[in-house]
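Written out below as structure tokens is the structure these notes cover.
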There are 2 protein chains.
Amino acid sequence: MSVFFSRSCEYGIQAVLYLASREPESPIHLRDISNALRIPHHFLSKIMQTLERDGVVISHKGANGGFELGRDAKEISIINIVRAIDGEAFLNGCVLGFPSCDDTAPCPVHTLWKKSKENISVMLEKSSVGELSAELGGKLEFIKSLYSHNNPTKEINV
Amino acid sequence: MSVFFSRSCEYGIQAVLYLASREPESPIHLRDISNALRIPHHFLSKIMQTLERDGVVISHKGANGGFELGRDAKEISIINIVRAIDGEAFLNGCVLGFPSCDDTAPCPVHTLWKKSKENISVMLEKSSVGELSAELGGKLEFIKSLYSHNNPTKEINV
DNA sequence: ATAAATTTAGACTTTATTGTCTAAATCAAT
DNA sequence: ATTGATTTAGACAATAAAGTCTAAATTTAT
Ligand code: FES
Ligand code: FES
């Protein structure tokens, strides 16, 4: 697991970024996504269904089916994916695990955390997956480099 | 679970802050800590043992035993507790779950995250539990307010 | 010495997360 | 209509995290 998110959520974010990076060639097969990102196929399937219900992606069943973004890539932020999968709670809790995070009964790191939280909110809300994938030249080439040294035998399909 | 840490780690941080807030009346019984902070007794026991091995706290067995800080409260930072319990990895991973976080193959949020990470490091490294508990007037009175509305029947022993 | 209080140890249970498997439903192409 | 490719559904397994329980070891006080 990463810093903030569940595995499911990480996979969801990765998958949506992958879709954004390959537009407009849609829809894209689940198999392609799971191969490229090294995500267990059926596990990702569940996650994509969650994102489908939330409108982040659209699915097409049957032959030549697959997934595409549910709306313009400029209109999807990371936070939308997080909300769909991990829910609302993740930035509302106390860092130290006390039962509430609240200005009226602040824990010792509350004020410091509040500032960091704003930065993180910007990171997750203000930039769209369109912008994020564009920054990478729309190719997600970096994925190849990330996985290639781990598993050189298995073909990487980015 | 909170934003970053495992439950164990949260409990550990809370317990150490509690010890710091009650100095110099030491040692303090595990039972006192677990009652005050609503932490399962034997679960906290394991966590305190981990902190003991790491030198963050010192334990005294037998009657009139208990726990005290392993060194001056000014010399203990949150990050020391995190390292002892959750390990080193937690700020090194990629936020989006890609296999490495690295300037040479950055994920789309890497540069934004890097800035936030610095703030968080400051929060966890630069302020000691001495300073943190002092800010609260050394009493952790806030704990009482946090828990009182949840469980009004059970006695709170802060 | 004995008893009482406390930490330590470790087996065990419960719950949540992650991952796997098989089958059904749906759709496009022939 | 039939076939094949794909998503959907849901049962199941494996693993990890969180919590519970009982007993042993250690220390202080009597
Ligand atoms: S109360 Fe702890 S972070 Fe706000
Ligand atoms: S590579 Fe993703 S946060 Fe650094």
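All values reported here derive from a predicted model rather than from experimental measurement. Reminder, nothing fancy here: chain letters follow the sequence lines and each chain counts from 1. What's counted below: heavy atoms across the whole structure, side chains too, no hydrogens, waters or symmetry copies.
For Lys126(A), the NZ atom is densely surrounded, since the number of other residues' heavy atoms within 6.0 Å is greater than 12.
Among residue pairs with one or both ends in residues 94-114 of chain A, those qualifying as salt bridge (charged side-chain N to carboxylate O under 4.0 Å, His left out) are Asp103(A)-Lys114(A); sequence neighbours excluded. Applying the side chain to side chain donor-acceptor pair (under 3.5 Å) test to every pair with at least one member in residues 82-96 of chain A, sequence neighbours left out, gives these pairs: Ser6(A)-Asp86(A), Arg83(A)-Glu88(A). Screening residues 108-129 of chain A for ring pair (Phe, Tyr, Trp, His ring centres under 6.0 Å), with sequence neighbours left out, gives Trp113(A)-Phe4(B).
As a whole-Å value, the separation of Met48(B) CE from dA9(C) P is 14 Å. Put simply, CG on Leu51(B) is 11 Å from P on dT8(C), counting in whole angstrom units. The interatomic distance linking Ile47(B) (CD1) with dA9(C) (C1') rounds to 16 Å, in whole Å. Across the protein-nucleic acid pair, Arg31(A) atom CZ and dT8(D) atom C1' stand 15 Å apart, rounded to whole Å. The interatomic distance linking Ile28(A) (CD1) with dA5(D) (C1') rounds to 17 Å, in whole Å. Between the P atom of dT15(C) and the CZ atom of Arg7(B) lies a distance of 15 Å, rounded to the nearest Å. One can place CG of Leu30(B) at 14 Å from C1' of dG19(D), the figure rounded to the nearest angstrom. One interatomic measurement links the two molecules: CD1 of Ile39(A) to P of dT7(D), which rounds to 14 Å at whole-angstrom precision.
Every residue was checked against the side-chain hydrogen bond (donor to acceptor under 3.5 Å, both in side chains) condition with Ser127(B), not counting sequence neighbours, and none meets it. With sequence neighbours excluded, the residues that form a side-chain hydrogen bond (donor to acceptor under 3.5 Å, both in side chains) with Gln49(A) are Ser45(A). Looking at residues two or more places apart in sequence or on another chain, you find no ring pair (Phe, Tyr, Trp, His ring centres under 6.0 Å) involving Phe67(B). Among residues two or more places apart in sequence or in another chain, the side-chain hydrogen bond (donor to acceptor under 3.5 Å, both in side chains) test is passed with Asn80(A) by Arg71(A).
Residue-to-nucleotide proximity on DNA chain C shows that, of His29(B) and Arg53(B), the 5′-proximal contact is made by His29(B).
In terms of modelled atom types and a separation under 3.5 Å, the side chain of Glu135(B) and the main chain of Leu132(B) share no donor-acceptor contact.
Taking side-chain N and O atoms only, Gln49(A) has a distance below 4.0 Å to OP1 or OP2 of dA9(D). For Ser8(B), no side-chain nitrogen or oxygen approaches OP1 or OP2 of dA17(D) to under 4.0 Å. Between Tyr11(B) and dG19(D) there is a side-chain N or O to OP1 or OP2 distance below 4.0 Å.
Using a 4.0 Å heavy-atom criterion, one finds that Ser45(A) contacts the bases of the nucleic acid, with or without backbone contacts as well.
Within residues 60-69 of chain A, the residues approached by DNA chain D to less than 4.0 Å at the level of any non-hydrogen atom are His60(A), Lys61(A), Gly62(A), Ala63(A), Gly66(A), Phe67(A), in residue-number order.
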With 3.5 Å as the limit, what N/O pairs link the protein to nucleotides 20-24 of chain D?
from	atom 1	to	atom 2	distance (Å)
dT22(D)	O4	His42(B)	NE2	2.9

